[in-house]
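First comes the structure, then the notes that go with it.
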Amino acid sequence: MLRSTGFPIWSQRPLPVDASSGSDGLWPPRSYNRFMSEVIVSKTVVVPNPQGLHARPADLFVKTANRFAASVEVIKDGERVDGKSILGILMLVAEQGTQLFIEAKGHDAHDALTALVELVEQGFEPETVE
Amino acid sequence: MKFSDFICEKAINEKLVAEDKEAVIEELVAGLVAAEKIADDDRDSITKAVMKREELGSTGIGRGVAVPHTKHPSVEKLVGTVGISEEGVDFDSLDGEKVQLFFLLISPPDRPGDHLRALENISRQLRDDTFCKFLKQSKSAANIQQLLEEADNNQFVS
C-alpha cells in the first residue's frame, strides 16, 4: 500500500466522517467530487462465502465493476490486479475470510466502490447449488 | 497449484470435433472416462452438472478460453483435462468470442480451496499471450503436455 497514488497521504486514509453529513463513510466524501475530477476511494472487505471468490462471483464482480467508468483495482497480500478482468480476479485465490482491498478511481468511484463492497459483503448473492 | 497436479495427461484432447456447448462438454468428460479418472456410470451425471453450472453463467472467461467445471461427489481429488478446438465453439463467452481452449475441472464438493487454486493457476498462466497462443495452436497431446510442463516450470510467467 506504499505505492503513491498521486494524492496527499491524508486523502487515502479513512478518517472519521461526521455521520450527520449523510455520508456513506467513504473517504474522501462525495462532496470532494466538486473539486476533483479524479477521485480515489478504497475499502477493505472480507470474502464471506464458503466457496470463496470462484468463477461465478468473479464474473459478477467484474460485471459490476464494468458498469462504472471508474477504474477498479483489487489488492490482496500486495498483489494488485485489475478489478475489471476476470483473469485478474481469479488470480487472487480469495478464499472465505480473505481480506481484499478494493480501490476505485474516477468520477464515479464512489458508486463503483459502494456497489462492489455491497456485492462482496452480501456473499455474491445467495449460493446456489453448483 | 500446478497443471500437473490436476490435468490428466491421458485425457487431453487436442482435436475436439464437437460444435456446440453440450457436445464439447460431453467430449471432454469422455476423455476423463477413457483415462479412468471418472467412472463410466458417472458420465451423464457429471455432464449434466457441468451444463447446469453453465446455465448460471458461462465459464467462457474470454480470450477464447473456457473453464467448464462442477463439483461432484464421485471424485476424491480435483481432476481436469484440456481440450482444443481448432474451429472454436460458441460458448456464450463473456466477451462473445468463440472458444478454442477448454479446461474441464471436476472437484470434490468439500475442497473449494483446491478449485480456487486451479482457477488461479489457469488464469495466471493464460495472461501470457505466448502461452495462450501456443496452446491453441497445439496439434498433439504431447505438445500440450509439454507446454503445460513448461508453464509449471515458470517458463512463461516472469
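To find a chain, count down the sequence lines: A is the first, B the second, and so on, and within it residues start at 1. What you see is a predicted model, and the numbers here were worked out from it, not measured in a lab. Computed from heavy atoms alone, side chains included, the values below leave out hydrogens, waters and symmetry copies.
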So with a 6.0 Å cut-off around [atom1] of [X], is the heavy-atom count from everything else above 12?
{"X": "B:Q137", "atom1": "CD", "result": "yes"}
{"X": "B:R43", "atom1": "CZ", "result": "yes"}
{"X": "B:K133", "atom1": "NZ", "result": "no"}
{"X": "A:E79", "atom1": "CD", "result": "yes"}
{"X": "A:E121", "atom1": "CD", "result": "yes"}
{"X": "B:K37", "atom1": "NZ", "result": "no"}

Solution key, residues 3-17 of chain B side-chain donor-acceptor pairs under 3.5 Å, sequence neighbours excluded:
{"residue": "B:S4", "atom": "OG", "partner": "B:D152", "partner atom": "OD2", "Å": "3.3"}
{"residue": "B:D5", "atom": "OD2", "partner": "B:K2", "partner atom": "N", "Å": "3.0"}
{"residue": "B:N13", "atom": "OD1", "partner": "B:K15", "partner atom": "N", "Å": "2.9"}

*Which answer fits B:R63, side chain, backbone, both or neither, if we ask what part of it has an atom under 4.5 Å from a heavy atom of chain A?*
side chain
*Tell me, side chain or backbone of B:I61 under 4.5 Å from chain A's heavy atoms, or both, or neither?*
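Both backbone and side chain.
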Return the [atom1] to [atom2] distance between [X] and [Y], rounded to the nearest 0.5 Å.
{"X": "A:L90", "Y": "B:R127", "atom1": "CG", "atom2": "CZ", "result": "11.0 Å"}
{"X": "A:I86", "Y": "B:T59", "atom1": "CD1", "atom2": "OG1", "result": "9.0 Å"}
{"X": "B:L56", "Y": "A:L60", "atom1": "CG", "atom2": "CG", "result": "10.0 Å"}
{"X": "B:K71", "Y": "A:Q51", "atom1": "NZ", "atom2": "CD", "result": "4.0 Å"}
{"X": "A:L92", "Y": "B:R124", "atom1": "CG", "atom2": "CZ", "result": "8.5 Å"}
{"X": "A:L87", "Y": "B:L126", "atom1": "CG", "atom2": "CG", "result": "6.5 Å"}

_For a quick test of reading the model, state the closest non-hydrogen atom pair linking A:P50 to B:P112 and the distance between them._
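Answer, listing the atom of A:P50 first, then B:P112: O-CG, 3.9 Å.
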*Single-linkage hydrophobic cluster, 4.5 Å side-chain cutoff, B:I25 and B:V67 together*: no
*Quick one: do B:V65 and B:L147 end up in the same hydrophobic cluster if we chain Ile, Leu, Val, Met, Phe, Trp and Tyr together by side-chain heavy atoms under 4.5 Å apart?*
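Same cluster: B:V65 reaches B:L147 through Ile, Leu, Val, Met, Phe, Trp or Tyr contacts under 4.5 Å.
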*Counting a contact as any heavy-atom pair under 4.5 Å apart, which residues of residues 64-72 of chain A contact chain B?*
none
*Could you check A:R56 against B:R53 for side chain to side chain contact (heavy atoms under 4.5 Å, CB included), going step by step and ending with a plain yes or no?*
CA-CA 9 Å; A:R56 198 168 60 256; B:R53 166 61 186 84; 3.5 Å; yes
*With only heavy atoms counted, which part of A:A58 is less than 4.5 Å from chain B, the side chain, the backbone, both or neither?*
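For A:A58, no heavy atom lies under 4.5 Å from chain B.
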*Residues which pass side chain to side chain contact (heavy atoms under 4.5 Å, CB included) with A:E95, listed by chain and number, not counting sequence neighbours*: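 Side chain to side chain contact (heavy atoms under 4.5 Å, CB included) list for A:E95, sorted by chain: A:V93, A:T98, B:L116, B:R117.
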*Quick one: list whatever passes side chain to side chain contact (heavy atoms under 4.5 Å, CB included) with B:A23, sequence neighbours left out.*
B:A18, B:D20
